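Keep in mind it's a predicted model, so treat the numbers as computed, not measured.
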Amino acid sequence: MRQITKLITVFTLLCFSSMIAQTVKGKVTDESGQGIPFIDVIEKGTTNGVSTNDNGEFTIQLNKVPSVLVFSSLGYATIEKSVNGSANLSIVMKEDSGVLDEVVLTGNRAKPRTILDSAVPIDNISVGELQATGQTNIDQMLTYTVPSYNSTNQTISDATAHFDPADLRGLGPSRTLVLVNGKRKNQSALVYVNDTPGKGEVGTDMKSIPTAAIERVEILRDGASAQYGSDAVAGVVNIILKKNVDFTQVNINSGVTSRGDGFNMDADVNHTLTFGNGGFLNATLGFGYQDYTNRAGQPGKDDLFGVNNQWTKDNPGLGMIVGQPEMKKGDLYINAEYPLNDDTVIYAFGGGNLRKGKSFALYRPPYWITDDFGLLTPSGQTYNGFQPTFETNIKDILFTAGSRFKLGGFNADLSATYGGNSVDYTIGNTINPSLGGNSPTSFDAGAYAFSNIIGNFDVNRSFGEVSIGLGVEGRQERFEVTAGQQESYVNGGAQSFPGLQPGNALNETRVNVGAYATLDWDVNDNFLIGGAARYENYSDFGGNTSWKINSRYKIGEAGVLRASYSTGFRAPSLHQVYLSNVQTLVSGGTISNQGTFNNVSPVIKDLGVASLFAETSKNISAGLTVKASRDFTISFDYYNVRVDDRVLFTGEINGTDDNGNPNADVQQILTANNVTSIKFFINAASTITQGYDFTLRHKNINFASGKLGLNAGLNVNKTNLEGEVKTPTKLNNYKNKIFNRKEQSRITSARPNMKFLFGADYKIGDFTANLNNTYFGEVTWRHASDSFKDQTFGGKVVTDLSVAYDFTDKISFRAQVNNLFDVFPDEIDPKGDPVTDLGGRFRYPWEVNQFGFNGTSFKAGLTFKF
């Protein structure tokens, strides 16, 4: 017994000793001895890492000893330090243009590479850069950081106002793949069916990912279908979550516009729990609120209805609220790892986001809806019309669990992911006139939901100069539509949005499997040749094979030349295949119910509309990055992307064709379904998008006893339609109505043709200031049939100013003024067509969009670290 006790004691001491040996502390300073905050400290060959605190101090638990620690940050040369046991390290970092030496994960499925080593253009954006924009959501932060990324607030557009379509290089929301920690993020449940940029497409709910949980964002600006599969035609946005941060951080922010509306506030906390030998769980909890804004027009009369009476004189704004919606949100995200042994790590990450939003529909004046049966008007008051609300309950869930391990000399990664997004509709402050005094004033209008279950198995290995990567993926997708309450859709339905009907309800799934292979050959230290191929098979439309070749040549230590050619594809989303509903919209100068029929409906099949199939693409890119000095870098990239057979959401198809001739087949559908027009999805057009990206960074300039940094970014982008619009057999004379001039402009000119960012940051002691100017180029709105009524909205510069001050190493303050000079887009000139500005209700453009129209806003906040 004594011997057993002794063995247990020795074993315990050895384990304790081993644990102590794997804990490393230290401090990182610059050449003057001042501690450097936010330096990334990574255990080489793993994802285990921490960041230094405000004093430059860090503590990290290593997965194994001996090991190598990598110290890196923008503006400093990367350092690698061997560690053989417990230590208290002193690291001195020299200033450098280190952005090119940072290791990135995106686009390199064979092995990790630095930006300078990569054969494709990749942006690596820290959360500090994103937060310096003063924006409140990650999609807006990226808009003011990345020249080729665009997203703007939408208004009077049903649920689209609560998601805000975002895209890369003007190729639409559907063609940018979003990853979280390298794993595919689920799409949203919503199809953007309203008259906004991205109409007819499906994107990712970027608002669902809390900024406080993000360490950095990597953006691959090149076609990547051969590596990642569908949706990566324009590129990939990879959101990297925070890991083993060695301090707790609390952020509190609040803001308001210069007009006193749009009040917002948010608070979040980020904390890391550590356990075992190198295990950690980083958690982020956040809450937020945003009030609505109003920038409606002041028409004085209602040209949409041809009305100029006492009511319009007493209500010159026609009762409208046009602006950003109201929103309440809460989110919880985690990122965890635990090493089982030297070769095996298990991990899990993800979280949930809940948002409740309220936007507004067109105001119903008394000459439109003549009576509310006393349901909305307080007793004793005169009926004055009403403005319906569009209320959403959005849920987004993402969870991935997996393990990285060694398998026969290969680095292996096995994971499973669940992702889901749903949006429930409530139509408030409205009535169903057909029900008279028995009408509810709030309606459950139904819901959409999308989810996927994904399994991935990836392996990679280097054989000297050759690195290979192999992987397989299986994915099941599900799209669900839930009908609303009967009162919401019966006999014309609730005003503003007739609810989803039982005939719209569905629960559809599909399965896809894919396999890929990549190979990189470092011919020598300077010359790299790489390639990739991927095969995908979808249960609903068949298979696709994509491939890619790329190359990179280093120009000494100063820069790199790169080029790539790839083919790609985008599978039509389940939403586009199965969506059907009825909407109340303005069409042809009147308010009408428009029916969307899904692609498998006999109604649409009888018109000769083919089943949807995959879009295909060809992507050419070439570029140059130069490290002109240790503090000065520039890059230039040209791209040319051809997309064939784009899936389009048609315009309004009514009973007469482009030449005014009646079509009995279409009229029969309209009569049978009590709608004035129909819409559907179809592979109908091809496009060519070309442009270039330019970036410049000059850091660590000695100026007035402090450090000055300058940065510039430029994207020039142009999309042209190629070939003829494809039409179904029974709609040969509907070419213009299927894809009219207005819908064409939504693809070719709804986003800025140019975006230029120029900014400066300055730090002296505990004070930091950032000044950023963003030029949003012109956009053009085209009338559906009359070129005289087209309008081009000129380019504008939006200036943002932010300052920050560290009171102590634990407490800091920041303040921002966004849109400092209160810049607005050009006002709409309807040129006699009341549909263009909805009878004066809209003062600023919304169908094409540059930067929204909230004007100047102020924001301030405090950060606590402990």
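Under 4.0 Å is where a charged nitrogen must lie from a carboxylate oxygen, and between R510 and E477 at least one such pair does. Salt-bridge annotation for K356 and E391: absent, with no side-chain N of the basic residue lying under 4.0 Å from a carboxylate O of the acidic one. Classification of D396 and K329 as a salt-bridged pair fails, no side-chain N sitting under 4.0 Å from a carboxylate O. A salt bridge between K730 and D606 is absent, with no side-chain N of the basic residue lying under 4.0 Å from a carboxylate O of the acidic one. Between D372 and R364 there is no salt bridge, since no side-chain nitrogen of the basic residue lies less than 4.0 Å from a carboxylate oxygen of the acidic one. Ion pair R175/D167 not flagged as a salt bridge, since none of the NZ, NE, NH1 or NH2 atoms sits closer than 4.0 Å to an Asp/Glu carboxylate oxygen. Between E652 and K679 there is a salt bridge, since a side-chain N of the basic residue sits under 4.0 Å from a carboxylate O of the acidic one.
Checking S611 against K605 by side-chain atom types alone, a donor-acceptor pair falls below 3.5 Å. Using modelled atom types and a 3.5 Å distance limit, the side chains of E743 and S745 yield no donor-acceptor pair. Between the side chains of N504 and S580, at least one donor N or O lies within less than 3.5 Å of an accepting N or O.
Note that the CG atom of N432 and the CD atom of Q495 stand 8.0 Å from one another [nearest 0.5 Å]. Atoms OG1 and CD1, on T196 and I156 in that order, are 13.0 Å from each other to the nearest 0.5 Å. How far CD1 of I138 is from OG1 of T211: 5.0 Å, rounded to the nearest 0.5 Å. One finds the NZ atom of K185 at 10.0 Å from the OG1 atom of T400 (value rounded to the nearest 0.5 Å). Residue D205 holds its CG atom at 11.5 Å from CG of L398, rounded to the nearest 0.5 Å. Taking CG from N353 and CD1 from I209, the interatomic distance works out to 9.0 Å, rounded to the nearest 0.5 Å.
For the pair F390 and H162, the tightest heavy-atom approach, listed with the atom from each and the gap, is O-NE2, 3.6 Å. A pairwise comparison of heavy atoms in P197 and P165 identifies O-CG, 3.3 Å as the closest pair. Considering every non-hydrogen atom in both P728 and I738, the closest pair reads CD-CD1, 3.6 Å. Nearest approach of N186 to F450, heavy atoms of both residues: CB-CE2, 4.5 Å. Nearest heavy-atom pair, L241 versus N181, reported as atom, atom and distance to 0.1 Å: N-OD1, 3.0 Å. Closest approach of G655 and L670 over heavy atoms only: N-CD1, 3.5 Å.
Looking at Y192 and P173, their side chains come closer than 4.5 Å, going by heavy atoms from C-beta outward. Between L304 and W368 there is no side-chain heavy-atom pair separated by less than 4.5 Å. Looking at N456 and E473, their side chains come closer than 4.5 Å, going by heavy atoms from C-beta outward. For the pair E201/R646, a side-chain contact is recorded, criterion being any heavy-atom separation below 4.5 Å from C-beta on. Counting heavy atoms from C-beta on, the side chains of T389 and S442 never come closer than 4.5 Å. Side-chain contact between F360 and N294 is absent, with no heavy atoms from C-beta onward closer than 4.5 Å. When side chains are defined from C-beta on, I669 does not count as touching I653, because their heavy atoms never get closer than 4.5 Å. Side-chain contact between L142 and M206 is present, with at least one heavy-atom pair separated by less than 4.5 Å.
The local environment of OH in Y292 is sparse, with at most 12 non-hydrogen atoms from other residues, nucleotides or ligands closer than 6.0 Å. Counting heavy-atom neighbours within 6.0 Å of Q668 CD, excluding the residue itself, gives a total of 12 or less. Heavy atoms from other residues, nucleotides or ligands lying under 6.0 Å from CD of Q486 number 12 at most.
Taking the six-membered ring for Trp and thresholds of 30 and 60 degrees, F681 and F649 have nearly parallel ring planes, at less than 30 degrees apart.
For an aromatic pair to be called close, the ring centres must be under 6.0 Å apart, and Y425 with F443 fails this.
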Practice task
Would you sort out whether L731 and V666 count as a side-chain contact (heavy atoms from CB on, under 4.5 Å), showing the intermediate values?
Solution key: CA-CA 9 Å; L731 298 174; V666 175; 3.7 Å; yes
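Here the rule is side-chain contact (heavy atoms from CB on, under 4.5 Å) with N452, and of Q476, R478, R475 only R475 fits it.
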